[in-house]
Amino acid sequence: LSVCKNLDSELALYNKLDVLESLDLSFSNINSTSLTLLLNKAQNLKTLHLSSCKNLNSELTLTQNLDALELLYLDSSS
């Protein structure tokens, strides 16, 4: 999903996000609300790329722990 410009909260409606292990949102326009919804459904995520995401400008309110997360890339993110 890197460089996607039309990411919104509808992504979180998919039921199979719990099997997702890697997610690259680099250079996308995802916002904090949409990312929170995604992360709350993707509790088995191991790798998350958020490099150059400019719309992450508020707190993430997570209801799930990201215990599986091993790598987080945040270069030049807001």
Side-chain angles (χ1 to χ4, degrees):
L1 298 173
S2 179
V3 192
C4 288
K5 299 299 179 198
N6 292 318
L7 294 175
D8 59 27
S9 58
E10 289 186 26
L11 281 173
L13 296 177
Y14 294 103
N15 293 326
K16 298 296 182 185
L17 292 177
D18 60 332
V19 298
L20 190 65
E21 292 187 357
S22 181
L23 182 59
D24 187 350
L25 296 167
S26 302
F27 298 95
S28 73
N29 71 339
I30 194 162
N31 61 37
S32 299
T33 301
S34 295
L35 181 59
T36 296
L37 291 170
L38 272 171
L39 293 179
N40 283 331
K41 297 234 178 180
Q43 62 266 23
N44 292 312
L45 198 61
K46 293 182 180 178
T47 304
L48 179 59
H49 295 263
L50 296 173
S51 299
S52 298
C53 290
K54 303 298 183 193
N55 293 330
L56 299 176
N57 50 18
S58 64
E59 278 187 35
L60 302 179
T61 306
L62 301 179
T63 59
Q64 298 289 328
N65 289 330
L66 296 176
D67 293 333
L69 194 63
E70 298 171 356
L71 295 172
L72 176 61
Y73 298 95
L74 295 172
D75 297 338
S76 302
S77 292
S78 297

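Between the CG atom in Leu62 and the CG atom in Leu37 there is a gap of 10.5 Å [rounded to 0.5 Å]. Separation of atoms SG (Cys53) and CG (Leu74) is listed at 8.5 Å; rounding is to 0.5 Å. Note that the OG1 atom of Thr47 and the CD atom of Glu21 stand 8.5 Å from one another [nearest 0.5 Å]. One finds the CD atom of Glu70 at 11.5 Å from the CG atom of Asp67 (value rounded to the nearest 0.5 Å). With values rounded to the nearest 0.5 angstrom, Asn65 atom CG is found 12.0 Å from Leu39 atom CG. Rounded to the nearest 0.5 angstrom, Ser32 OG and Asn55 CG are separated by 8.0 Å.
The heavy-atom pair separating Leu35 from Leu56 by the smallest distance is CD2-CD2, 3.8 Å. Between Leu20 and Ala42, the closest heavy-atom pair is CD2-CB, 4.4 Å. When every heavy atom of Ser28 is checked against every heavy atom of Leu25, the shortest pair comes out as OG-O, 2.7 Å. Asp18 approaches Gln43 most closely through the heavy-atom pair CB-NE2, 3.9 Å.
Counting heavy atoms from C-beta on, the side chains of Ile30 and Leu38 come closer than 4.5 Å. Considering only heavy atoms from C-beta on, Leu71 stays 4.5 Å or farther from Leu48 through its side chain.
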